[in-house]
Amino acid sequence: QVQLVESGGGSVQAGGSLRLSCAVSGYTYRLTCMGWFRQAPGQEREKVAAIYTNGGSTYYTGYLEGRFTIPQDTAKNFLYLQMNRLTPEDTAMYYCAADGVAAGGVSCYQHFTRADFGYWGQGTQVTVSS
């Protein structure tokens, strides 16, 4: 059994920063691809960023790169998302997700671009006011 629990969301003014955390527990040893997604009310889920922990490759939605970062020095079984220069358009529920990467199977990049992860958290709300 795998559990993902997000934290760190909250309300912040435009221009501020937040650092989201995702604690991963359970049968985690094969979960080498981890990502962040977000969903605003009335909108589809949007990919934000992902990291392949076996090597450290990171992937970002283009227009978020530079403001959003997955820190490389993550603690074991934790995933973080550093968000800077937040705008009201960043208001959404943020979810972390995790899955494995098997040789010859779906790559971490494919997991990310397809939003195809086997495990998801319940989300943490981020609200940015102008």
Side-chain angles (χ1 to χ4, degrees):
Q1 197 71 300
V2 173
Q3 286 190 320
L4 286 74
V5 180
E6 302 94 335
S7 62
S11 297
V12 64
Q13 289 194 326
S17 298
L18 281 174
R19 184 178 174 102
L20 304 184
S21 300
C22 175
V24 186
S25 61
Y27 202 57
T28 64
Y29 83 95
R30 59 174 287 274
L31 300 178
T32 53
C33 183
M34 302 182 71
W36 288 99
F37 294 79
R38 68 184 185 182
Q39 188 168 18
Q43 298 188 23
E44 293 188 354
R45 187 169 291 185
E46 177 187 26
K47 57 184 182 289
V48 175
I51 184 168
Y52 180 45
T53 60
N54 187 10
S57 296
T58 52
Y59 313 101
Y60 296 92
T61 287
Y63 72 94
L64 295 176
E65 189 168 12
R67 290 197 302 121
F68 289 20
T69 305
I70 292 182
Q72 293 280 347
D73 56 342
T74 57
K76 184 177 172 59
N77 293 339
F78 278 86
L79 176 71
Y80 301 99
L81 181 68
Q82 179 66 43
M83 306 187 296
N84 298 325
R85 303 192 303 279
L86 287 162
T87 74
E89 289 68 36
D90 295 317
T91 295
M93 186 72 80
Y94 284 72
Y95 300 88
C96 70
D99 212 319
V101 176
V106 178
S107 70
C108 188
Y109 180 73
Q110 289 171 322
H111 279 300
F112 177 56
T113 57
R114 300 173 186 175
D116 178 20
F117 285 80
Y119 303 99
W120 293 83
Q122 294 299 305
T124 186
Q125 178 68 39
V126 171
T127 302
V128 185
S129 58
S130 57

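Distance CD/E6 to SG/C22: 5.0 Å, rounded to 0.5 Å. Note that the CH2 atom of W120 and the CG atom of L4 stand 10.0 Å from one another [nearest 0.5 Å]. If you take CZ on R19 and CE on M83, they are separated by 11.0 Å, rounding to the nearest 0.5 Å. Expressed to the nearest 0.5 Å, how far CZ of R45 lies from CE of M93 amounts to 10.0 Å.
Looking at heavy atoms from C-beta onward, D90 lies in side-chain contact with F68 at the 4.5 angstrom threshold. Using a 4.5 Å heavy-atom threshold, the side chains of C96 and M34 count as separate. At least one side-chain heavy atom of T91 sits less than 4.5 Å from a side-chain heavy atom of Q125. Between I70 and L81 there is a side-chain heavy-atom pair separated by less than 4.5 Å.
No chain of hydrophobic side-chain contacts below 4.5 Å, direct or via other Ile, Leu, Val, Met, Phe, Trp or Tyr residues, connects Y95 to I51. No single ILVMFWY cluster, assembled from side-chain heavy atoms under 4.5 Å apart, contains both V101 and Y29. Residues V128 and W36 are members of one and the same hydrophobic cluster, defined by side-chain heavy-atom contacts under 4.5 angstrom among Ile, Leu, Val, Met, Phe, Trp and Tyr.
Ring orientation note: the planes of F117 and F37 are nearly perpendicular, at an angle over 60° on the 30°/60° scale. A parallel orientation is assigned to the rings of F78 and Y80, their planes being inclined by less than 30° (bins at 30° and 60°).
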Should T61 and R38 be marked as a side-chain contact (heavy atoms from CB on, under 4.5 Å) after you check the CA-CA gap, both sets of side-chain angles, and the distance that decides it? CA-CA 11 Å; T61 287; R38 68 184 185 182; over 6 Å; no
Full working for side-chain contact (heavy atoms from CB on, under 4.5 Å) between V106 and R114: CA-CA 10 Å; V106 178; R114 300 173 186 175; 4.1 Å; yes
What's the verdict on side-chain contact (heavy atoms from CB on, under 4.5 Å) for Y59 and C108, showing C-alpha distance, side-chain angles and the deciding distance? CA-CA 9 Å; Y59 313 101; C108 188; 4.0 Å; yes
Test side-chain contact (heavy atoms from CB on, under 4.5 Å) on S7 and T124; report intermediate values, then the result. CA-CA 6 Å; S7 62; T124 186; 5.5 Å; no
